[in-house]
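First listed ligand is number 1; within each ligand, the first listed atom is number 1. Not measured: the values here are computed from a predicted model.
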Amino acid sequence: MKIVIDSGNVKEIRDLNEYFPIDGVTTNPSIIVKEQRPFLPLLKEIRNVIGEEKELFVQVISNKAENMVEEAHYVTNSISGEVVIKIPVTEEGIKAIKLLKAEGIRTLATTVYTPMSAFVAAKAGAEYVAPYVNRIDNLGNGTNVVSEITQIFSIHNLPCQVLAASFKNVKQLLNVALVGAHGITASPELIKAMLEHSSVEKDVCKFRDEWVQLYGKETISLMV
Ligand code: E4P
């Protein structure tokens, strides 16, 4: 299951990428706007931080399919490495996904709220779909939607991955992992929170204290 950072903040991305097994970075218009920086230099800096092979997801703004395709060309021509274009699951978006698939440009269908919209996007050629778990939870049950999408893709052999998105807590991440999501994209805080448990630091301190009491050093290096 992939772990993707849902952020446009270069410092947060750099820190997480150093410590965690990160597969890529997702952005959306709100995430980009939050950084208050010119668009392309920001994306290029993120690319430099994560390297050429990790996926960088960039969302279109236009409403019409032809304009979405133009934006996809602009981004893929400007940003090196593995770029995936995020397209909302509107009718125009589905048309754009089909057109981009024919050109070999990779897409993720975003703003997914229902299993059937995910199915249509996958049939159109999207490589990923991003169901909005927390936003769906506010209306119904996000985990169920993720579960139904993964089942549909599996039953019908659709080569499309579920990159679950929009999370507010670790329980939501656990729930989608258990129903077979292929990946999660979450904020840096939530990715770090996956490791949090009050017992860990206590256990580690006790091991170290016992060791130091006998051997006098906080390391096993150069021990006999
Ligand atoms: C993915 O990239 C989505 O755009 C994002 O996870 C949405 O999250 P939000 O519901 O917290 O805005």
Side-chain angles (χ1 to χ4, degrees), residues 1-10 12-13 16-17 20 22-37 39 42-43 46-47 49-50 54-63 68 71-72 75-76 79 81-90 93-94 96-97 100 105-115 117-118 121-122 126-146 149-150 160-177 179 181-194:
M1 189 176 87
K2 291 184 177 175
I3 302 177
V4 177
I5 309 171
D6 202 23
S7 171
N9 185 282
V10 175
E12 289 178 338
I13 294 168
L16 267 187
N17 191 49
F20 283 73
I22 295 301
D23 294 291
V25 170
T26 46
T27 63
N28 65 29
S30 309
I31 284 171
I32 297 283
V33 164
K34 195 170 157 205
E35 298 308 310
Q36 296 285 297
R37 291 186 47 185
F39 175 58
L42 174 57
L43 290 180
I46 295 172
R47 169 57 76 216
V49 167
I50 63 174
K54 292 184 183 175
E55 290 164 331
L56 178 54
F57 296 76
V58 183
Q59 189 165 329
V60 296
I61 297 287
S62 297
N63 285 330
M68 291 179 190
E71 290 181 29
V75 171
T76 52
I79 305 299
E82 293 299 327
V83 174
V84 183
I85 304 296
K86 292 175 70 180
I87 313 254
V89 285
T90 58
I94 295 299
I97 288 169
L100 290 168
I105 293 181
R106 305 172 64 197
T107 58
L108 171 147
T110 193
T111 59
V112 168
Y113 284 77
T114 68
S117 65
E127 193 175 318
Y128 292 95
V129 293
Y132 277 14
V133 176
N134 187 66
R135 296 193 200 197
I136 300 170
D137 277 347
N138 291 333
L139 310 163
N141 188 322
T143 308
N144 281 354
V145 171
V146 171
I149 297 171
T150 58
C160 184
Q161 298 185 52
V162 180
L163 182 65
S166 177
F167 293 99
K168 287 294 165 281
N169 57 63
V170 176
K171 184 74 169 65
Q172 291 169 324
L173 297 174
L174 170 65
N175 289 341
V176 302
V179 297
H182 306 97
I184 47 118
T185 181
S187 67
E189 304 77 60
L190 266 192
I191 292 175
K192 287 184 181 179
M194 284 196 276

K.L.:
Before signing off on this row, confirm whether Thr27 and ligand 1 have an N or O atom pair separated by under 3.5 Å.
P.N.:
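The answer is no, given that Thr27 and ligand 1 share no N or O pair closer than 3.5 Å.
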K.L.:
For Glu82, which of Lys54, Arg47, Arg106 qualifies under salt bridge (charged side-chain N to carboxylate O under 4.0 Å, His left out)?
P.N.:
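Testing each of Lys54, Arg47, Arg106 against Glu82, the sole residue satisfying salt bridge (charged side-chain N to carboxylate O under 4.0 Å, His left out) is Arg106.
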K.L.:
Side chain or backbone, does Thr185 bring an N or O within less than 3.5 Å of an N or O on ligand 1?
P.N.:
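There is no such contact.
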K.L.:
Roughly how far, to the nearest 0.5 Å, is the CD atom of Glu189 from the CG atom of Asp6?
P.N.:
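Taking CG in Asp6 and CD in Glu189, the distance rounds to 10.0 Å.
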K.L.:
Is it the case that the side chains of Tyr128 and Thr110 hold a donor-acceptor pair, with the cut-off being a distance below 3.5 Å and no angle test?
P.N.:
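There is no such pair between these side chains.
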K.L.:
Taking the side chain as every heavy atom from C-beta outward, state whether Ile94 and Ser117 have any pair of such atoms under 4.5 Å apart.
P.N.:
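In short, these two side chains do not touch, never coming nearer than 4.5 Å.
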K.L.:
Looking at side-chain heavy atoms only, is the closest gap between Met1 and Ile184 below 4.5 Å?
P.N.:
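Yes - at least one pair of side-chain heavy atoms lies under 4.5 Å apart.
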K.L.:
Are any non-hydrogen side-chain atoms of Thr90 and Asn63 less than 4.5 angstrom apart?
P.N.:
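Heavy-atom side-chain distance check fails, nothing below 4.5 Å.
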K.L.:
Which atoms of ligand 1 are found less than 4.0 Å from any heavy atom of Thr26?
P.N.:
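Near Thr26, the atoms of ligand 1 are 2 (O).
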K.L.:
Of the backbone atoms (N, CA, C, O) and the side-chain heavy atoms from C-beta on, which set of Tyr132 has a member under 4.0 Å from an atom of ligand 1: side chain, backbone, both, or neither?
P.N.:
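For Tyr132, only side-chain atoms sit under 4.0 Å from ligand 1.
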K.L.:
Please confirm whether Ser166 comes within less than 3.5 Å of ligand 1 when only nitrogen or oxygen atoms on both sides are compared.
P.N.:
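Between Ser166 and ligand 1, an N or O pair is found under 3.5 Å apart.
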K.L.:
State the atoms of ligand 1, each with its element, that fall below the 4.0 Å cut-off from a heavy-atom position in Arg135.
P.N.:
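Checking each atom against Arg135, I get 7 (C), 9 (P), 10 (O), 12 (O).
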K.L.:
Give the residue, atom name and distance (to 0.1 Å) of the protein heavy atom nearest atom 5 (C) of ligand 1.
P.N.:
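Checking every protein heavy atom, the shortest distance to atom 5 (C) of ligand 1 gives Asp6 OD2, 3.1 Å.
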K.L.:
How far does OG1 of Thr107 sit from CD1 of Ile85, to the nearest 0.5 angstrom?
P.N.:
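Nearest 0.5 Å value for the OG1-CD1 distance: 9.0 Å.
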K.L.:
Counting non-hydrogen protein atoms only, what is the nearest one to atom 11 (O) of ligand 1? Give residue, atom name and distance.
P.N.:
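Answer, as residue, atom name and distance: Lys168 NZ, 2.9 Å.
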K.L.:
Among all protein heavy atoms in this structure, tell me which lies nearest to atom 4 (O) of ligand 1, with the distance rounded to 0.1 Å.
P.N.:
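Looking only at protein heavy atoms, the one closest to atom 4 (O) of ligand 1 is Asn28 ND2, 2.7 Å.
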K.L.:
Among protein heavy atoms, which lies nearest atom 1 (C) of ligand 1, and at what distance?
P.N.:
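Result: Lys86 NZ, 3.4 Å.
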